[in-house]
Amino acid sequence: MNDSTDSTGASAVADDGEPLEPDAIVDFDDSEAAVRGRGDIDSAAAPEATLDRLHTVSFYLDEAFEIPGTNYRIGIDPLLGLLPGIGDATASALSAYILVEAAMLGVPRATLARMFGNVLLDATVGSLPVVGDVFDAAWKANVRNVRLLEARYEDPPREAVEADRRFLVVAVVAVMLLLVALGVVTTLAVVWLLGQVGLL
């Protein structure tokens, strides 16, 4: 009589007539470790999916179209700048989306600050008529930011973080000087205009 039986009382026998061990009959791996392992794979894939998405966003904003007769590419960012008010606001919102995703990926604060400086410079100079649109096409803040994100989100070297801090200081100073210059030019223009109409 064969002692090797399954739960229903029937014998568990292989094709060659040898009794099967219980582990050889059913081997389900629903352990917590296995489930956690699958979660780790999904987590590892998440940053890659995010980077792919940000590449797509930056491509359409800064490099979607090639200027005929040249090898230079521009995106919809400078084209949006041609729409007064709403165009610049839309482009800035899309640029801010890249910053939010970078923050969620955990890039260093200095890099986030540098990325913000890129967007701030782009938004400030880009708001100028005509000149701003040319600057948008040349500066490509979104492509710059995605490259920074790729270079920094995994174990950035200390020198790179320090370079980000230095860039931020320079960018903030440049934006402040630009705003002061715009204020001076606007004031002089108003004074000149008032003088022309005889109010001064």
Side-chain angles (χ1 to χ4, degrees), residues 46-153 156 160 163-190 192-193:
E48 297 303 323
T50 301
L51 284 173
D52 287 343
R53 188 165 59 251
L54 296 182
H55 268 295
T56 301
V57 172
S58 67
F59 173 79
Y60 282 111
L61 284 173
D62 291 339
E63 297 185 326
F65 314 106
E66 184 176 304
I67 298 176
T70 72
N71 290 325
Y72 199 78
R73 305 186 69 87
I74 63 170
I76 61 172
D77 189 352
L79 301 179
L80 285 171
L82 298 174
L83 302 173
I86 190 171
D88 287 328
T90 302
S92 295
L94 291 169
S95 297
Y97 163 70
I98 295 176
L99 287 177
V100 171
E101 289 282 20
M104 292 177 68
L105 284 175
V107 299
R109 279 185 240 178
T111 301
L112 280 177
R114 178 171 180 173
M115 293 171 71
F116 177 75
N118 284 336
V119 173
L120 181 62
L121 191 61
D122 184 59
T124 305
V125 181
S127 63
L128 299 173
V130 183
V131 174
D133 299 320
V134 174
F135 179 80
D136 281 344
W139 182 243
K140 299 180 188 287
N142 303 292
V143 168
R144 286 173 182 269
N145 281 348
V146 172
R147 286 176 184 157
L148 274 173
L149 170 57
E150 284 184 308
R152 306 286 197 272
Y153 93 95
D164 291 344
R165 289 196 182 101
R166 288 193 298 271
F167 175 87
L168 177 65
V169 171
V170 172
V172 169
V173 170
V175 169
M176 289 178 61
L177 290 175
L178 179 63
L179 291 174
V180 169
L182 285 174
V184 170
V185 169
T186 302
T187 302
L188 291 175
V190 169
W192 177 82
L193 186 59

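Being a predicted model, the structure only gives us computed values, none of them experimental.
Each of L94, V143, T56 was checked for a side chain to side chain contact (heavy atoms under 4.5 Å, CB included) with L61, and the lone residue meeting it is L94.
Put simply, OG1 on T90 and CD1 on I76 are 9.0 Å apart, with the number rounded to the nearest 0.5 Å. For the atom pair CZ of R114 and CG of L149, the computed distance is 13.0 Å after rounding to the nearest 0.5 Å. The line from CG of D62 to OG of S95 is 7.5 Å long, rounded to the nearest 0.5 Å. Once rounded to the nearest 0.5 Å, the distance linking CG of D133 with CG of L79 reads 8.5 Å. Separation of atoms OH (Y72) and CD1 (I67) is listed at 7.5 Å; rounding is to 0.5 Å.
With sequence neighbours excluded, the residues forming a side-chain hydrogen bond (donor to acceptor under 3.5 Å, both in side chains) with N145 are N118, listed by chain and number. Every residue two or more places apart in sequence or in another chain was checked for a salt bridge (charged side-chain N to carboxylate O under 4.0 Å, His left out) with E63, and none qualifies. The side-chain hydrogen bond (donor to acceptor under 3.5 Å, both in side chains) search around D136 returns none, not counting sequence neighbours. Residues forming a salt bridge (charged side-chain N to carboxylate O under 4.0 Å, His left out) with R147 (at least two apart in sequence, or on another chain): none.
Both tests do not hold together for K140 against F135: distance to the six-membered ring centre under 6.0 Å, angle to the ring axis within 45°.
The list of salt bridge (Lys or Arg N to Asp or Glu O under 4.0 Å) pairs with a residue in residues 94-107, not counting sequence neighbours, reads R53-E101. For the salt bridge (Lys or Arg N to Asp or Glu O under 4.0 Å) condition, the pairs that include at least one residue of residues 68-87, sequence neighbours left out, are E66-R73.
When the shell of 6.0 Å around CD1 of I86 is examined, it contains 12 or fewer heavy atoms from other residues, nucleotides or ligands. The local environment of CZ in F59 is crowded, with over 12 non-hydrogen atoms from other residues, nucleotides or ligands closer than 6.0 Å.
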(message) side chain to side chain contact (heavy atoms under 4.5 Å, CB included) for N142 and V57? Distances and angles first, verdict last.
(response) CA-CA 8 Å; N142 303 292; V57 172; over 6 Å; no
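Distance alone, capped at 3.5 Å, places no donor-acceptor pair between the T111 side chain and the V107 backbone. A donor-acceptor pair under 3.5 Å is formed between the side chain of S58 and the backbone N or O of H55.
For L112 against L99, the heavy-atom pair with the smallest separation is CD2-O, 3.9 Å.
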